[in-house]
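Okay, structure first, notes after.
Since this is a predicted model, take the numbers as computed values, not measurements. Note that these values count all heavy atoms, side chains included, but never hydrogens, waters or copies made by symmetry. Counting convention: from 1, in listed order, for ligands and their atoms alike.
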Amino acid sequence: MLDWIEHELAALEADGLRRRVTARAGAQSARIVVDGRDCLNFGSNDYLALAADPRLAEAAIGTIRREGIGSGASPLISGRGETHRCLEQRLAKFEGTEAALLFPSGYAANLAAVTALAGPGDVVFSDAKNHASIWDGCRLSRADVRAYRHADWQQLGSLLDRSQNYRRRLIVTDTLFSMDGDLAPLVELADLAKHHQAMLAIDEAHATGVFGDTGRGLAERLGVEDCVTARIGTLSKALGCAGGFVSGSRALIDLLVNRARSYIYSTAAPAAIAAAALQAIEIVAAEPHRRHELLARAGALREELAVQGWSLGRSASQIVQVVIGDSKRAVELASCLKQQGIFVPAIRPPTVPAGEACLRISLTWGHTEEMLSQLITALRTLHPA
Ligand SMILES: *Cc1c(COP(=O)(O)O)cnc(C)c1O
């Protein structure tokens, strides 16, 4: 009766789509050991190299000594402690919003934001390349959902023109797209939101800590923060911890507390994580050179690879997408790099659309010039198709 499971797996294998879990040995950093091999690591979201920063670890350890590890309950029962409260206040200050709310993951934060802002009788406009957690939020919301072509604000405009019969309209987008490394047209989206009286929710998961004068993200850089109804962020990427948050008006946050099932029915993250995240936010404020140097090195890497003839799509950030197309070819290239001690993940469907397999090079502040040269040299020997 369960033969179908083996058949499904065999079909994935035949298409070059079967995934296997691996386990890293040791800390997350610019070098890691994968499958027993010491590698340069271009496969993490630890953009500011904070995941293994001793200051975060110390903050967490101190809290664990005082409070132990488990939070013991969902936040509305007794799981939310003083440290969580401090972090929420600090996040609101960091984001320049009235309030912020913590979630066990960015995934949960997105489910919460979308389902709180839209329901039956409403319509959600979602970029075709939005993160899976946004799409899951759309489905759970039971609102009508319209996908617009990636970054195509003109198409979005014409969809909005035909949306006047809905009770409420919500535009939702990643700001920095996780697989392509490109940026959402936020200025245009903000104009459309104003013009059509639509709400705008933005997911800054990969941009928090990296973009903007103070590291708040792309909306800060582009000066459109006032047009944003809800900002979703994660503590698990540039901030080097775990968990997610939504920031916005006091009323929005109060609504989430009352409505968001991924908040209400999930245990609060350990206070130690919140303590580490507090420390990470202080580092983002005190050490802006991390984000500046990261983006400068990413720009230089993109230039080098373009000269070599690789297609980089619309990459414009610390995530550099090398477009390959064929899944098997992408896996082959990744395994050649791995043999040379360079870990770059091959990204395949369903994470990207069929025929759009790629190598995803993600840079962190921990990568030295020398490490980048090693990557550039290795790619030079692996001619673009
Ligand atoms: C990673 C990611 C999330 C989920 O965040 P987690 O904290 O890892 O659950 C949400 N949105 C985007 C765009 C992401 O890349």
For atom 1 (C) of ligand 1, which protein heavy atom lies nearest, and how many Å away is it?
Lys237 NZ, 1.4 Å
Going by the order shown, which atoms of ligand 1 are within less than 4.0 Å of some heavy atom of His206?
14 (C), 15 (O)
Counting each atom of ligand 1 from 1 as listed, which ones have a heavy atom of Ser133 under 4.0 Å away?
10 (C), 11 (N)
With heavy-atom distances below 4.0 Å as the criterion, list the atoms of ligand 1 near Asp174.
13 (C)
Taking the six-membered ring where the residue is Trp, are the ring centres of Phe103 and Tyr263 under 6.0 Å apart?
yes
Do Asn41 and Gln28 meet the criterion of a side-chain donor-acceptor pair at a distance under 3.5 Å?
yes
Could you tell me if the ring centre of Phe177 sits under 6.0 Å from that of His150?
yes
Tell me the nearest of Gly244, Gly106, Ser236 to atom 8 (O) of ligand 1, using heavy-atom distances.
Ser236
Ligand 1 versus Asn110, non-hydrogen atoms closer than 4.0 Å: side chain, backbone, both, neither?
side chain
Atom 4 (C) of ligand 1: which of Phe177, Phe103, Phe245, Tyr107 has the nearest heavy atom?
Tyr107
Should the pair Trp365 and His289 be assigned to parallel (<30°), tilted (30 to 60°) or perpendicular (>60°) ring geometry?
perpendicular
Do the side-chain N and O atoms of Arg19 and Thr351 include a donor-acceptor pair separated by under 3.5 angstrom?
yes
To the nearest 0.1 Å, how far is atom 13 (C) of ligand 1 from its closest protein heavy atom, and which atom is that?
Asp203 OD2, 3.1 Å
Measure from the ring center of Phe211 to the ring center of His206 and say whether it is less than 6.0 Å.
no
